[in-house]
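Note: hydrogens, waters and symmetry copies are ignored here, and every other heavy atom, side chains too, is used. Numbered from 1 within each chain, the chains take letters A, B, ... in sequence-line order.
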There are 2 protein chains.
Amino acid sequence: MKVLIVEDDPLHRSYLHEAVNAALPECDTIIEAENGTAGEKLARDHKSAHIVMDLQMANRNGIEAARTIWKERPETRILFWSNYSDEAYVRGVSRIVPDGAAYGYVLKSASDERLKLALRSIFIESQCVIDREVRGLQQKSLGQTNGFTDSEYEILVDIALGLTDRAIAKRRGLSLRSVQNRLQQLYDKLDVYQAAGDDHEDGRFNLRARAVTVALLRKLLNYSALERAEAELQEWLDGK
Amino acid sequence: MKVLIVEDDPLHRSYLHEAVNAALPECDTIIEAENGTAGEKLARDHKSAHIVMDLQMANRNGIEAARTIWKERPETRILFWSNYSDEAYVRGVSRIVPDGAAYGYVLKSASDERLKLALRSIFIESQCVIDREVRGLQQKSLGQTNGFTDSEYEILVDIALGLTDRAIAKRRGLSLRSVQNRLQQLYDKLDVYQAAGDDHEDGRFNLRARAVTVALLRKLLNYSALERAEAELQEWLDGK
DNA sequence: CAACAAGCTGCGGGTTTACGCAAGACGGCG
DNA sequence: CGCCGTCTTGCGTAAACCCGCAGCTTGTTG
């Protein structure tokens, strides 16, 4: 059995190395990559079916890498080992995991024990292991209670990218007014109206810009999500 | 000699512990904190004059912590040890370092040697040690070439927070038109006009929102900077 | 099938943005 | 002192944005 580790931080990488050795005696080879690009290449070359990787990496982040790896080989088992449980990451991962694939999401703050257990569950038992905290977010994000619809999330991304209403309408195949409807819905859910009725005109916000910041502060968006969205946008722009 | 380590990642913390031990035989006590708040408290209680800390921490980030520590005791020597050299961080640090204070900024990607050298230089020789890469940014940011003026940066933050032109004018004591002037200047420097003249009205951007994203993508802003700015904003709002 | 909720769309209008134009204000500098 | 560049401000306009109102299309449910 072969395990591929994709992680940028050398200390974390060697920690993972040890953890894999300790948890999986049946593992005879460990290979390592220090960024997403290298990870993809190694995964392809070694046809590796067992990967543990970080989400936040400078060169090419874990979500991107996982997406292409899974595209080529959906049965690959991937354990994401991340510092954060931002809704943006959770949503990003959920979006790309193939049907029935075994994967895991464990926070770096978890104990050694937990990590090792997750390694065995996923790689040996083909069972999904999602950190409790992450699962909470997932539920919230899928169920509609206090969570965001896909269409709301979509429009959030669009304004975050800086598109005009018209551009969004064109991109998503909607009318101008519908786009604006969704925006209102979004503003509502993000509760961006704060401090509006204060006096008369004192501290009014620019809703559009405010929404983006609030989303960032709430970790609904993060750098990596923006980066991905920007890439998709450029693609769309090129394809006219 | 006593050294305080403030760092949230346990692996990095113990690595630092070892590095300090190896580099500074004259150090007899090492204390550790795992977030900014605890770091501030320990610094105060122990009157520690030698600190090495991370910038990105969940609870209270390094810049906040450093600011209050330096406020109480400007002669404290602080070595920032960070994963990133985002312009937002560099600018944030530059903004708070007291006149003539000895401090350092070393990236986590630096070699053991470099870290140890920096520890000695700062704590023993009271000499500033700034990572080459970081220094580059500093220069660019201070010199005006391709860099951003303080007033440009200021307005960038204001629109990122989602303030209206009017609100910004009130906050900064300017006329509406001046605010808009600065915005134009900002849009110019960020080069937000891309894809405007394309066909006729195809892919136009909402400049205000686009500017924020471009700034984020270029690391001119980051989560921590937004967080700080938001706190300042709330303060201002409360003080009517 | 009727009834109802949810989403899309057009119309209309009040506000905010983006920005050209031009008249001061201030600070160097020869 | 007069010239010049930078910064500020007011006026005015076209576009974009926010949003209430109301007519339509769907899918759901009793």
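Scored by the side-chain hydrogen bond (donor to acceptor under 3.5 Å, both in side chains) test, B/R73 finds no partners at all (sequence neighbours excluded). Residues that satisfy the ring-ring contact (aromatic ring centres under 6.0 Å, His included) test with A/Y89, not counting sequence neighbours, are absent from this structure.
Counting any heavy atom pair closer than 4.0 Å across all strands shown, B/L207 reaches sugar-phosphate atoms only and no base atom. Within the nucleic acid shown, A/L176 has no heavy atom closer than 4.0 Å to any nucleic acid atom.
Closest to the A/Y193 side chain, of the nucleotides C/dT9, D/dT8, D/dC19, is D/dC19. In the set D/dC19, C/dC19, C/dT16, the nucleotide with an atom closest to the side chain of B/Q184 is C/dC19. Here the nucleotide nearest the side chain of B/Y187, chosen from D/dC17, C/dC19, C/dC8, is C/dC19. Minimum atom distance to the side chain of A/N181 is reached by C/dT9, of the listed C/dC19, D/dT8, C/dT9.
Rounded to whole angstrom, the span from the CG atom of B/D158 across to the P atom of C/dT17 amounts to 12 Å. Following rounding to the nearest Å, B/R210 (CZ) and D/dA16 (C1') show an atom-to-atom distance of 18 Å. Rounded to whole Å, the distance from CD1 on A/I155 to P on C/dG7 is 13 Å. If you take CG of A/L174 and P of D/dC24, they are 21 Å apart, rounded to a whole angstrom. Whole-Å rounding puts the B/R204 CZ to C/dA18 C1' distance at 10 Å. As rounded to whole Å, 17 Å separates atom P of C/dG7 from atom CZ of A/R172. The distance from atom CZ of A/F205 to atom P of C/dT16 is 14 Å, rounded to the nearest whole Å. Atom NZ in A/K170 sits roughly 17 Å away from atom C1' in C/dT9 (whole-Å rounding).
Map A/Q185 and B/L183 each onto its nearest nucleotide of DNA chain C; the residue landing nearer the 5' end is A/Q185. Residues B/N206 and B/R182 both approach DNA chain D. Their nearest nucleotides, taken by heavy-atom distance, put B/R182 toward the 5′ side.
Taking each heavy atom of B/S85 and B/V90 in turn, the nearest pair found is O-CG2, 4.0 Å.
With hydrogens and angles ignored, a donor-acceptor pair under 3.5 angstrom links the side chain of A/R177 to the base of D/dG20. B/Q180 contributes a side-chain N or O that forms a donor-acceptor pair with the base of C/dC19 under 3.5 Å.
In this structure, B/R210 forms a cation-pi arrangement with B/F205, its terminal cationic atom sitting closer than 6.0 Å to the ring centre and no more than 45° off the ring axis.
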- request: Check step by step if side-chain hydrogen bond (donor to acceptor under 3.5 Å, both in side chains) holds for B/R182 and B/Q185.
  value: CA-CA 5 Å; B/R182 292 190 176 183; B/Q185 216 173 312; 5.8 Å; no
- request: Output, in order, the C-alpha distance, side-chain angles, deciding distance and verdict of salt bridge (charged side-chain N to carboxylate O under 4.0 Å, His left out) for B/D9 and B/K108.
  value: CA-CA 12 Å; B/D9 186 314; B/K108 288 192 180 178; over 6 Å; no
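One finds no side-chain N or O of A/T164 lying less than 4.0 angstrom from the OP1 or OP2 phosphate oxygen of D/dA16. Contact check, B/S175 against D/dT9: a side-chain N or O comes under 4.0 Å of OP1 or OP2. Taking 4.0 angstrom as the limit, A/R166 places a side-chain polar atom (N or O) nearer than this to OP1 or OP2 of D/dA16.
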